[in-house]
Amino acid sequence: MRKMMLIWTVFSQLVSIAAFADVSDGQKLFQQRCISCHTVGKGKGVGPDLQGVTQRREQAWLHRWIREPDKMLAENDPTATALLKEYNQVPMPNMAITPEQADQILAYLANPTAEAAASGDANTAAGTTSEATSPGGSSQAHDQAPTFATRGRTQNIAFFSFLFIALVIVLVFFWVGSTTSNPQTIDMKAAYKLRKVFFISGSFVAMGILAITMSKTPYADALTTPDNVIYATAMQFSFTFSNEPVSSAQELSTVSPISSLEIPRDTLVEFRVTSLDATHGFAIYNQQGVVFAQTQAMPGYTNRLRVRFSEPGVYPVLCLEYCGAAHHMMRTSLVVK
Amino acid sequence: MDLAKKNTLAWIAITLILFPILLLLGILMRTVQANGLSAAQEWFYPFMTLHGVGMVGVWYVGAMACAERIIAKYTKPSAAISTFAIVGTTIGVVLLLVCVLIGKFAAGWYFLYPLPFKGNWPVWAATTFLLSITVLGATWLIWSLDLLRAIAQKYSISKALGWHYIGGATEPDVPPAIIISTVSLLACVACLLAGVTVLVLFDAELIAGVRNDALLVKNLTFFFGHVLVNLSLYLGVAVIYDVLPQYCDRPWKANKIVAISWNSVLAIVFMAYFHHLYMDFVQPTTFQYLGQIASYMSSLPAAVVTIFGALALVFHAKMRWTLTSALFYLALMGWAIGGVGAVIDSTIAVNSKFHNTLWVPAHFHTYMLEGLVLMVLGYYYHFVQENAKLPESWGFHKVILSMIVVGGYGFLMMFYISGANSVPRRFATYPAEVAHGASYSGFAAVFATVFFMGLLLYAIETGKRWLNVRG
């Protein structure tokens, strides 16, 4: 067991060393946040090739564009709007990048070759593990997986039930397989009786679990009223919170977005979740990096997700339904006070 | 050699060429997720699409090819239609390769509406993808209908579904493989018709600008996808029902329980797909509950009748352990384990935590990689060995089996742990909250490479016999 742990640790270290070795902060950030849509000198991707971009555009404009592209698009910034049109209406998402991180990315883009040379290898992969990412300003990197204590009760019950039943299946298969070394005639009537026992007991177990679990569904209860209603609108590749419903991209630019959503603890909040383009996911993670609640954001429909937060802190929200090239970047967060 | 046998050899060749390539794409994806090969990151989603459509398609046609040979023992499917299926599938695959490798189409294997119209790929790539799926769907529909026609030539529909057993009769003797194949092919026709409807709706929007209802298309898409994957497994089980008894020296006959079990599967499989839409809260709640009940119920006939039946067949049997019988036996075990993961995820309360995490690929990769894949590979080896009759080395075959089991289950365990730890599926790289997903991906890539090596050894064993039979 200790040997296995040692191998595991060594392998993890090798993976992380490979991931972080000799990469500058700006380059690392670029590879973390930008590379799924942009290249430097390798042609257009989802977004423009950023080779020489610091010469083509003003520094202040670039700095703000990196930090808050959604706001600039909402303000109809002419360059931002032209880029949106040129790149198939795929908007640059708000990646919750801090001013310091924007400086580092711009420093890398100003001289990518030198940065790469200084870092040793322009193509070295960057990790995804290091920085603070939430707009709330709280650092929430989770290099370590959730533990038994933080994983969540449902996740623990499901995972360990699975492991137990899978182990029983493996043992039964190996035991039955091993009996073939001693061939005998078997009593099929006894086997059929055993099958009947399995069927009846299996049916009772299934009905029991159904009875216990079907009362614990996440669907909104019509008899209760939420304390607070928040509208969450998804659009490739960002979420917008507002106090009013949004039904079109045009409306999105006219409503007042909630720039930093704060929710009082122990109140019942109803998120009315929809999408203006593809189907997205709306998954709220807790501070241990565990899925807390989720629903889908579907065009033409509004899903009502009710959540009661008991612990204060920053809760990241990730898109969990694949929605295109920057799907893994689509995120926002909320703060529970 | 007759045309039907030549076609089976062609399907074996197609599978053994495409599967390793698609497997390598999977290893590449896990490596990118482990923060390796960052240059390949922009290809992650196109490769994910190719891997997904390719794997579902390869194992569907693999299962169909095996079932066709089994059905041919009892009746006569059209060899010409079988050839047509090879040609149609090849055209569909070429179109798919074009739209992904040249057009970078990346809407995923179930191309959830309206993503094909909302991506950063050109319109022609989306159109070519839809054309590819249309060609594949039409080809497979004709192939399925021909197999049903062949069955109907010998058995009436009531006999083919074993209703006379349910009514208490014991004659005429209908092989279980025929009953299961009939159930599977009827399900296949239904799911392909749903798939065709989805394509018509997509085309209507593409050509005439008729906007579709996202919830309706999602229901049709998951009905199509869920049933297609499940019926592929059922066809594999039909093959095991027919071939495993030859290695156990015992018969495995149809009876009342087998008939009831597989007829109920036909009804249940159509309703279980609702579990894919649990997180769409606007779906009528009755359907959500129906989804959980049907998902739970579907495990009873499978586990209690088929798995129990297979274990009873092997228990103290005068077993001839070969690569085929061992692969079949392991496939049933993989099907059972994957089924447990699936039933757990089909619990609404659990799904609200596991939906679109890596638990989802965990369970479907289990019953595909350690279930259906082993069923088909087991039959392929059986087919070429029966015809080539070359000497076998059980010791060498145990090495192959060990690599497939250790590599496969190691790879799968990384998915299960990741899913339990809320790591999302379909992320090219992981954000800070779930950065630990990268380590699991690294381990998964290593284990998958072990599986890949085992597969190569299997391909050498089967390839030698294939060449011998082909002459």
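Per chain, numbering begins at 1; letters A, B, ... match sequence-line order.
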Q. Checking heavy atoms, do the side chain of A/S203, its backbone, both or neither come under 4.5 Å from chain B?
A. both
Q | The single option from A/Q288, A/Q287, A/R331 passing side-chain hydrogen bond (donor to acceptor under 3.5 Å, both in side chains) against B/E433 | A | A/R331
Q: Can you tell which part of B/N255 gets under 4.5 Å to a heavy atom of chain A, answering side chain, backbone, both or neither?
A: side chain
Q: Answer yes or no: is there a donor N or O on one side and an acceptor on the other, between the side chain of B/T347 and the main chain of B/A349, under 3.5 Å?
A: no
Q) Which answer fits B/L112, side chain, backbone, both or neither, if we ask what part of it has an atom under 4.5 Å from a heavy atom of chain A? A) side chain
Q | Segment of A/L318 engaging chain B (4.5 angstrom heavy-atom cut-off) | A | side chain
**Q.** Note, B/S422 side chain near A/Q155 side chain (heavy atom, < 4.5 Å)
**A.** yes
Q. Considering only heavy atoms, which portion of B/T285 lies under 4.5 Å from any heavy atom of chain A: side chain, backbone, both, or neither?
A. side chain
(Q) Is B/Y409 in contact with chain A via its backbone, its side chain, both, or neither, using a 4.5 Å heavy-atom distance? (A) neither
Q) Side chain, backbone, both or neither: which part of A/I157 has a heavy atom under 4.5 Å from chain B? A) neither
Q) Which bit of A/F282 is near chain B, if near means a heavy-atom gap under 4.5 Å: side chain, backbone, both or neither? A) neither
(Q) Which label fits A/H327 and B/Y45: parallel for a plane angle under 30°, tilted from 30 to 60°, or perpendicular past 60°? (A) perpendicular
Q) Between B/Y296 and chain A, which part of the residue has a heavy atom less than 4.5 Å away: side chain, backbone, both or neither? A) side chain
Q. Side chain, backbone, both or neither: which part of A/V170 has an atom under 4.5 Å from a heavy atom of chain B?
A. both
Q. According to the interplanar angle, ranging from 0 to 90°, do the rings of A/Y219 and B/Y289 count as parallel (below 30°), tilted (30 to 60°) or perpendicular (above 60°)?
A. perpendicular
Q. What part of A/T154 lies closer than 4.5 angstrom to a heavy atom of chain B: side chain, backbone, both or neither?
A. side chain
Q. Does any heavy atom of chain A fall under 4.5 Å from the side chain of B/L277, the backbone, both, or neither of them?
A. neither
Q: Check each atom of B/I344 against the heavy atoms of chain A and say whether the ones under 4.5 Å are side chain, backbone, both or neither.
A: side chain
**Q.** Exam field: side chain B/Q292 to backbone B/I348, donor-acceptor pair closer than 3.5 Å
**A.** yes
Q. Of the backbone (N, CA, C, O) and the side chain (C-beta and beyond), which part of B/A310 lies under 4.5 Å from a heavy atom of chain A, both, or neither?
A. neither
**Q.** Qualifying residue, where the test is side-chain contact (heavy atoms from CB on, under 4.5 Å) with A/T295 and the options are A/V307, A/I284, A/L320, A/V273
**A.** A/V273
Q.
So for A/M298, is it side chain, backbone, both, or neither that comes closer than 4.5 Å to the heavy atoms of chain B?
A. side chain
Q: Identify whether the distance between the nearest side-chain nitrogen and carboxylate oxygen of B/R320 and B/D249 falls below 4.0 Å.
A: no
Q. Is chain A contacted by the side chain of B/Y278, its backbone, both, or neither, given a heavy-atom distance below 4.5 Å?
A. both
**Q.** Donor-acceptor contact present, side-chain B/W121 to main-chain B/P116, <3.5 Å
**A.** yes
Q | Contact origin within B/N351 toward chain A - heavy atom pairs under 4.5 Å | A | backbone
Q. Is the distance between the ring centroids of B/W335 and B/Y367 less than 6.0 Å?
A. no
Q) Should the pair B/Y329 and A/F173 be assigned to parallel (<30°), tilted (30 to 60°) or perpendicular (>60°) ring geometry? A) tilted
Q: Check each atom of A/F162 against the heavy atoms of chain B and say whether the ones under 4.5 Å are side chain, backbone, both or neither.
A: both
Q. Which region of A/R195, side chain (C-beta onward) or backbone (N, CA, C, O), has a non-hydrogen atom less than 4.5 Å from a non-hydrogen atom of chain B, or is it both or neither?
A. both
